[in-house]
Asks: 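This is the structure I want to talk about, given as structure tokens.
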Amino acid sequence: MTAADKSAPDPTVWTATCLAQVERAMAELRRGGIVALLDGQQMDGQQMDGQQPAHRHAALVIAAEMLEQPALATLLAANNAGQGGTGRGIRLVVTAERANALVRRGLVPAPAAATAADDSHRLLALSGALAAEAIRQIADPTVEPVAWLAAGIVPVADVAPALCQGAIELTKLARLLPAALIVLVPHSALERWVDPAFRLEAADLPAFRRNAAANLRRVGSAPVPLDGAESCEIVAFRPSDGGKEHLAIVIGRPDTSQPVLVRLHSECYTGDLLGSLRCDCGPQLRGAIAAIEKAGSGVLLYLAQEGRGIGLVNKLRAYRLQDAGADTLDANLQLGYGADERLYEPAAEMLRQLGVGAVRLLTNNPEKVAGLAQCGIAVIERVPHVFQANDHNERYLSTKAIRFGHMF
């Protein structure tokens, strides 16, 4: 658990009490619905000081990517509902990376220092005649935003940071663009706008992915002879959030009393399955299987973290941005994501459950070495894993070397 997660509730208790609500909220956002985030430490920007929960403000949240006009009308109604709403207006929270991209294009004014104190997000006040399509354009860098949007956008800082960060994290968990609309309403008015099943504490969200990753459960295994590695068993691990399974491809009979040859491979639908030439994932996957077989034994972890953790749909969006001139790192930033959103807790937990405590790591990526070590797995040696570039991925590989520090 990172320093930022130290205040998270105990994982066992937290999972039992909050998991279902987080999953429901993710599904509701993906269908364009509204969820509510609560912040137990704030009341209209002030500490609660013993006030009853009925006086707390909550945030009605909808993913900007999924916004349609009826849902926008509901948010406007909630904002204008007299004593049942704050009248503060609709706010759009985006990541700092996305906001910086909008500022560079002249579509959003640069924030004053007072409104840019938090490096994780930016809050934008929206005014004028709001249209769902226009707001979706602000969130999605693959769509050309209309110039008039800038006139109705002002950077502000009038929503509790925990609510803003919770909204961003929830959209990421739902595999959507990290941008959300927020309207504040009193806690006492929530019943009018959001079903109790779609309400959750904002403070629970920052630790959600890490807790789910660290609570993997082995759910199935079977021998699966592979082309080039016939003595092979595939073991499936499911995270506690019920999400996509991670796979361990165990080749031969690794001696876990010694450092085991291991490859961490993030799934890549386009490269692994379709043979895409835009990346080197397919050759890395097949090359790792061949290298482990040649060594006699080892483990390849096939991790459900497509596109460095942003998901397949957003990876395709990143490709569009790359075709327009961005490199692979800047494309992620324009989408509102970090350069690399992957976690190493799943890999470490899988290795522990397989009895592996020390590894010889097949990788060119120093972040994998550091990330796995920070999760308690001893990396005894980095084993280079380099493949020939082609005309389609040469720039991609160059970016990984220059900007990510990969050692080719």
Side-chain angles (χ1 to χ4, degrees), residues 25-37 59-79 88-103 105 107-109 111 118 120-146 148-150 152-156 158-159 161 163-185 193-194 198 202 205 310-311 313-314 316-318 320-321 331-338 341:
M26 289 160 53
E28 187 67 4
L29 285 185
R30 285 181 64 82
R31 62 180 293 274
I34 298 172
V35 304
L37 294 181
L60 302 185
V61 176
I62 187 168
E65 176 183 344
M66 302 304 298
L67 184 67
E68 298 292 346
Q69 208 63 35
L72 179 57
T74 299
L75 291 183
L76 288 167
N79 179 69
R88 188 173 298 181
I90 288 183
R91 303 292 185 253
L92 175 66
V93 60
V94 297
T95 63
E97 293 87 356
R98 179 64 188 139
N100 291 338
L102 291 167
V103 169
R105 298 191 61 188
L107 295 166
V108 171
D118 193 315
S120 68
H121 68 270
R122 297 286 185 269
L123 195 66
L124 307 173
L126 305 181
S127 61
L130 299 178
E133 181 181 5
I135 294 170
R136 292 197 304 268
Q137 289 176 330
I138 303 173
D140 187 352
T142 65
V143 178
E144 187 68 23
V146 292
W148 62 263
L149 285 173
I153 300 176
V154 179
V156 292
D158 56 0
V159 175
L163 294 174
C164 296
Q165 292 161 6
I168 289 292
E169 185 63 23
L170 194 54
T171 54
K172 286 185 177 183
L173 288 170
R175 303 188 306 281
L176 299 170
L177 290 169
L181 269 73
I182 289 179
V183 165
L184 294 183
V185 297
W193 305 108
V194 179
F198 305 131
L205 291 169
I310 68 175
V313 172
N314 286 319
L316 296 177
R317 288 174 170 142
R320 289 284 300 275
L321 296 173
N332 272 28
L333 299 182
Q334 288 182 37
L335 287 168
Y337 284 94
E341 294 273 343

Asks: Quick check: do Ile138 and Leu92 have side-chain heavy atoms less than 4.5 Å from each other?
Replies: yes
Asks: With sequence neighbours excluded, tell me which residues meet side-chain contact (heavy atoms from CB on, under 4.5 Å) with Ala25.
Replies: Val35, Leu170, Leu200
Asks: Just so I know, are the side chains of Pro141 and Arg320 near enough to count as touching, which here means a heavy-atom distance under 4.5 Å?
Replies: no
Asks: Are the side chain of Asn100 and the backbone N or O of Ala96 linked by a donor-acceptor pair below 3.5 Å?
Replies: yes
Asks: Taking all non-hydrogen atoms of both residues into account, name the closest pair between Val143 and Gln137 and its distance.
Replies: CG1-CG, 3.6 Å
Asks: Side chain of Gln69, backbone of Ala132: donor and acceptor closer than 3.5 Å?
Replies: yes
Asks: Kindly state each residue pair satisfying salt bridge (charged side-chain N to carboxylate O under 4.0 Å, His left out) with at least one member in residues 60-78, sequence neighbours excluded.
Replies: Glu65-Arg317, Glu68-Arg136
Asks: Do Val61 and Leu163 have side chains that approach each other closer than 4.5 Å (heavy atoms only, starting at C-beta)?
Replies: no
Asks: For Thr74, enumerate each residue passing the side-chain hydrogen bond (donor to acceptor under 3.5 Å, both in side chains) test, keeping only those at least two apart in sequence or located in another chain.
Replies: none
Asks: Considering the options Ile90, Val156, Val154, Val108, which one meets the side-chain contact (heavy atoms from CB on, under 4.5 Å) requirement together with Leu124?
Replies: Val108
Asks: Atom CD1 in Ile168, atom CG in Leu177: separation rounded to 0.5 Å?
Replies: 10.0 Å
Asks: What heavy-atom pair brings Asn332 and Ile310 nearest, and what distance separates the two atoms?
Replies: OD1-CD1, 3.6 Å
Asks: Using the side-chain hydrogen bond (donor to acceptor under 3.5 Å, both in side chains) rule, collect all pairs that involve residues 170-183, keeping only residues at least two apart or in two chains.
Replies: Lys172-Glu341
Asks: Which heavy atom of Ile182 sits nearest to which heavy atom of Ala59, and what is that distance?
Replies: CG2-CB, 3.8 Å
Asks: With a 4.5 Å limit on heavy-atom distance, are the side chains of Leu205 and Leu37 in contact?
Replies: yes
Asks: Which heavy atom of Leu60 sits nearest to which heavy atom of Ala78, and what is that distance?
Replies: CD1-CB, 3.6 Å
Asks: Pair Val93, Val159 - check side chain to side chain contact (heavy atoms under 4.5 Å, CB included), show working.
Replies: CA-CA 10 Å; Val93 60; Val159 175; over 6 Å; no
Asks: Side-chain contact, heavy-atom cut-off 4.5 Å: Met66 with Arg30?
Replies: no
Asks: Look up atom CD1 in Ile34 and atom CG in Leu72, then write down how far apart they are to the nearest 0.5 Å.
Replies: 9.0 Å
Asks: My understanding is that only residues two or more places apart in sequence, or in another chain, count here; which of them pass side-chain contact (heavy atoms from CB on, under 4.5 Å) with Ala99?
Replies: Val94, Arg122
Asks: Would you name the heavy atoms of Gly336 and Pro178 that are closest together and state the gap between them?
Replies: O-CG, 3.4 Å
Asks: Tell me, please, which residues at least two apart from Gln334 pass side-chain hydrogen bond (donor to acceptor under 3.5 Å, both in side chains).
Replies: none
Asks: Determine the minimum heavy-atom distance between Leu123 and Arg91, stating which atoms define it.
Replies: CD1-CB, 3.8 Å
Asks: To the nearest 0.5 Å, what is the distance between OG1 on Thr142 and CG on Leu316?
Replies: 10.5 Å
Asks: Which residues satisfy the side-chain contact (heavy atoms from CB on, under 4.5 Å) test with Glu97, sequence neighbours excluded?
Replies: Thr95, Leu333
Asks: In Å and rounded to the nearest 0.5 Å, what is the CG to CD1 distance from Leu181 to Ile135?
Replies: 5.0 Å
